[in-house]
Amino acid sequence: MSCFSFTATRDWCYRSIFTKSGLRSTIIDLGDGTVIHCWVPNTRKESKPNLLLIHGFGANAMWQWGDLIPYLVPYFNLYVPDLLFFGDSYTTRPERTESFQAHCLMRVMEAKSVKKMSLVGLSYGGFVGYSMATQFKDAIEKVVICCAGVCLEEKDLEKGLFKVSHIEEAASILLPQTPEKLRELISYSFYKPPRGLPSCLLSDFIQVMCTEFVEEKKDLIRTIPKDRKLSDLPKITQPTLIIWGDQDQVFPVELASRLKRHLGEAAQLVIISNAGHTFIIEKPKETFKHLISFLIDN
């Protein structure tokens, strides 16, 4: 007899939220050993702009965007993919760069006949979104970068900008395989992390969400800082909104200011008070307000 899984039940709840919001689950086979799962509108309305939501490390896309989906659906045709090696997306190809992830997402959007879109990239998803904006300037209209340290340099690890100084240590936290590591990740991610979480609950989450494609995800993490220099980072030209939690311990807020300086007048910077790396979970209404102000009102 199978045991009750809180994580699997929560996953079902998120799936229900997406379905009730008028989205449907689709699988897009790109034909080269790459398969992408993506939530797409049941019916795309030409009167609405298209918005691509790109998640970061952690659980699948539903868990990371679920709190915002009901707010955003009335305003946008939403497209919510699982990045490669998350959820039901995978590839047999060897590439592990955010550039390849970006290329795959663009092929998904093309397969859905979406020619113009704005995007919101969360954490690692911000690296992928920035790459999309660089590669596909005509297709990407506006860009929102949420707590994504795209301006980091490889030397920042050694200089002590982050809580950890080695990429392998970072990978062990971002891809937790024990309750202790998951507690550590939670403590870094939230401004006020939940306390007293039982190990059985954390183990259940790890079993359901963190045991597949572990080595492939480690390779994604290793690729991020490798030979990375700010001087090599292209300046995207689309209107850009940068949103950051002032208490972010994963990507320190200094990286938000660095990105703003890099992009200059093309970018707006919003700092959310008393919020950490997971500000879209901690402050969903405030996040929504800034997104609508930038993506719709402007």
Exercise. Can Trp65 and Leu78 be said to form a side-chain contact (heavy atoms from CB on, under 4.5 Å), step by step?
Worked result: CA-CA 11 Å; Trp65 295 113; Leu78 292 180; over 6 Å; no
For this session: Compare every heavy atom of Leu68 with every heavy atom of Pro284, then report the nearest pair and how far apart it is.
Result: O-CD2, 3.4 Å
Exercise. Is any side-chain heavy atom of Ser89 closer than 4.5 Å to a side-chain heavy atom of Val35?
Worked result: no
For this session: First locate atom OG of Ser118, then atom CD of Gln238, and finally report the distance between them rounded to the nearest 0.5 Å.
Result: 9.0 Å
For this session: Look only at the side chain of Arg107 and the backbone of His103, and say whether a donor-acceptor pair between them is shorter than 3.5 Å.
Result: no
Exercise. Would the number of heavy atoms belonging to other residues, nucleotides or ligands and lying under 6.0 Å from NE2 of His290 be above 12?
Worked result: yes
Exercise. Any side-chain heavy-atom pair from Arg261 and Ser257 closer than 4.5 angstrom?
Worked result: yes
For this session: List the steps and the verdict of side-chain contact (heavy atoms from CB on, under 4.5 Å) for Leu202 and Ile186.
Result: CA-CA 11 Å; Leu202 300 176; Ile186 292 170; 4.2 Å; yes
Exercise. Quick check: does any side chain N or O of Arg24 sit under 3.5 Å from a backbone N or O of Thr19, one acting as donor and the other as acceptor?
Worked result: no
Problem set entry | Stepwise side-chain contact (heavy atoms from CB on, under 4.5 Å) test for Arg228 and Leu233 | CA-CA 8 Å; Arg228 198 174 192 98; Leu233 185 70; 4.2 Å; yes
Exercise. Can you tell me if Tyr130 uses its side chain to pair, donor with acceptor, with the backbone of Pro234 under 3.5 Å?
Worked result: yes
For this session: Decide yes or no for Val120 and Leu291: does some side-chain heavy atom of the first lie under 4.5 Å from some side-chain heavy atom of the second?
Result: yes
For this session: Measure from the side-chain N and O atoms of Gln249 to the backbone N and O of Ser187, and report whether any donor-acceptor pair falls under 3.5 Å.
Result: yes
Exercise. Which heavy atom of Met109 sits nearest a heavy atom of Leu52, and at what distance?
Worked result: SD-CD1, 4.0 Å
Exercise. Sub-3.5 Å donor-acceptor pair from the side chain of Ser5 to the main-chain atoms of Ala8, do we have one?
Worked result: yes
Problem set entry | Within 6.0 angstrom of Tyr90 OH, more than 12 heavy atoms from elsewhere | no
What pairs of donor and acceptor atoms, side-chain ones from residues 266-277 against any protein atom, are under 3.5 angstrom apart with sequence neighbours left out?
| residue | atom | partner | partner atom | Å |
| --- | --- | --- | --- | --- |
| His277 | ND1 | Asp248 | OD1 | 3.2 |
| His277 | ND1 | Asp248 | OD2 | 2.8 |
| His277 | NE2 | Ser123 | OG | 2.9 |

Exercise. Rounded to the nearest 0.5 Å, how far apart are OG1 of Thr278 and CG of Leu185?
Worked result: 9.5 Å
Problem set entry | Qualifying residue, where the test is side-chain contact (heavy atoms from CB on, under 4.5 Å) with Ile54 and the options are Val80, Asp82, Leu83 | Leu83
Problem set entry | Gln101 side chain vs Leu84 backbone, donor-acceptor pair below 3.5 Å | yes
Exercise. Once you round to the nearest 0.5 Å, how far does CD of Gln64 lie from CD1 of Ile281?
Worked result: 7.5 Å
Problem set entry | CA sep, side-chain torsions, deciding dist, call: Gln135, Ser131, side chain to side chain donor-acceptor pair (under 3.5 Å) | CA-CA 6 Å; Gln135 294 184 63; Ser131 183; 2.9 Å; yes
Seminar exercise, completed: What one should report as the nearest heavy-atom pair of Ala133 and Val143 is CB-CG2, 3.7 Å
For this session: Taking the side chain as every heavy atom from C-beta outward, state whether Ile242 and Trp244 have any atom pair closer than 4.5 Å.
Result: yes
Problem set entry | Worked verdict on Glu158 versus Ser165 for side chain to side chain donor-acceptor pair (under 3.5 Å) | CA-CA 6 Å; Glu158 302 167 5; Ser165 56; over 6 Å; no
Problem set entry | Single-linkage hydrophobic cluster, 4.5 Å side-chain cutoff, Phe18 and Val73 together | yes
Problem set entry | Cationic tip of Arg10 above Tyr14 ring, under 6.0 Å, 45° of axis | yes
For this session: Please determine if Lys142 forms a cation-pi arrangement with Phe294, meaning its NZ or CZ atom is less than 6.0 Å from the six-membered ring centre and no more than 45° off the ring axis.
Result: yes
For this session: Fit a plane to each ring of Tyr124 and Phe86, take the angle between them on a 0 to 90° scale, and name the class: parallel (under 30°), tilted (30 to 60°) or perpendicular (over 60°).
Result: tilted
For this session: Could you tell me which residues satisfy side chain to side chain contact (heavy atoms under 4.5 Å, CB included) with Thr211, sequence neighbours excluded, listed by chain and number?
Result: Gln177, Ile206, Gln207
Exercise. Should Lys218 and Glu215 count as an ion pair when the cut-off is N to O under 4.0 Å?
Worked result: yes
For this session: Could you go through the salt bridge (charged side-chain N to carboxylate O under 4.0 Å, His left out) check for Lys116 and Glu46 one step at a time?
Result: CA-CA 11 Å; Lys116 297 280 187 180; Glu46 295 301 326; over 6 Å; no
For this session: Begin with the C-alpha distance, continue with both residues' side-chain angles, and end with the deciding distance and a verdict on side chain to side chain donor-acceptor pair (under 3.5 Å) for Asp88 and Asn60.
Result: CA-CA 9 Å; Asp88 294 322; Asn60 60 42; over 6 Å; no
Exercise. Under 3.5 Å, is there a donor-acceptor pair between the side chain of Ser293 and the main chain of Lys289?
Worked result: no
Exercise. Considering only heavy atoms from C-beta outward, does the side chain of Val114 approach that of Tyr79 to under 4.5 Å?
Worked result: yes
Exercise. What do the steps show when you test Arg183 against Ser199 for side chain to side chain donor-acceptor pair (under 3.5 Å), and what is the final call?
Worked result: CA-CA 9 Å; Arg183 285 192 183 94; Ser199 292; 2.9 Å; yes
For this session: Answer yes or no: are there more than 12 heavy-atom neighbours, outside Lys20 itself, under 6.0 Å from its atom NZ?
Result: no
Exercise. So, do His37 and Ser25 sit near enough that their side-chain heavy atoms are less than 4.5 Å apart?
Worked result: yes
Exercise answer: donor-acceptor pairs, residues 145-157 side-chain atoms, under 3.5 Å, sequence neighbours excluded:
| residue | atom | partner | partner atom | Å |
| --- | --- | --- | --- | --- |
| Glu153 | OE2 | Leu230 | N | 2.9 |
| Glu154 | OE1 | Asp227 | N | 3.0 |
| Asp156 | OD2 | Glu153 | N | 2.7 |
| Asp156 | OD2 | Arg258 | NH1 | 2.8 |

For this session: Identify whether Leu197 and Ile173 are in the same connected component of the hydrophobic contact network (ILVMFWY, side-chain heavy atoms under 4.5 Å).
Result: yes
Exercise. Less than 4.5 Å apart, any side-chain heavy atom of Phe76 and any of Lys48?
Worked result: no
Problem set entry | Min side-chain heavy-atom separation Thr9-Trp12 under 4.5 Å | no
For this session: Please check if atom CD in Glu212 has more than 12 non-hydrogen atoms from other residues, nucleotides or ligands closer than 6.0 Å.
Result: no
Exercise. Is a side-chain N or O of Lys260 found less than 3.5 angstrom from the main chain of Gly264, in a donor-acceptor match?
Worked result: yes
For this session: Check Ile167 against Arg222 and note the closest heavy-atom contact, atom names and distance.
Result: CG1-CA, 4.1 Å
Exercise. Of all heavy-atom pairs between Leu220 and Phe57, which one has the smallest distance, and what is that distance?
Worked result: CB-CZ, 3.9 Å
Problem set entry | Interatomic distance, Ile236 atom CD1 to His262 atom NE2 [nearest 0.5 angstrom] | 8.5 Å
Exercise. Would you find more than 12 non-hydrogen atoms of other residues, nucleotides or ligands less than 6.0 Å from Asp138 atom CG?
Worked result: no
Problem set entry | Atom of Leu122, atom of Ile280 and distance for their closest heavy-atom approach | CD2-CD1, 3.6 Å
Exercise. Is the backbone N or O of Leu30 less than 3.5 Å from a side-chain atom of Thr34, with the two atoms forming a donor-acceptor pair by type?
Worked result: no
Problem set entry | Side chain Thr91, main chain Arg93, donor-acceptor under 3.5 Å | yes
For this session: Could you label the plane-to-plane angle of the Phe251 and Phe162 rings as parallel, tilted or perpendicular, counting under 30° as parallel and over 60° as perpendicular?
Result: perpendicular
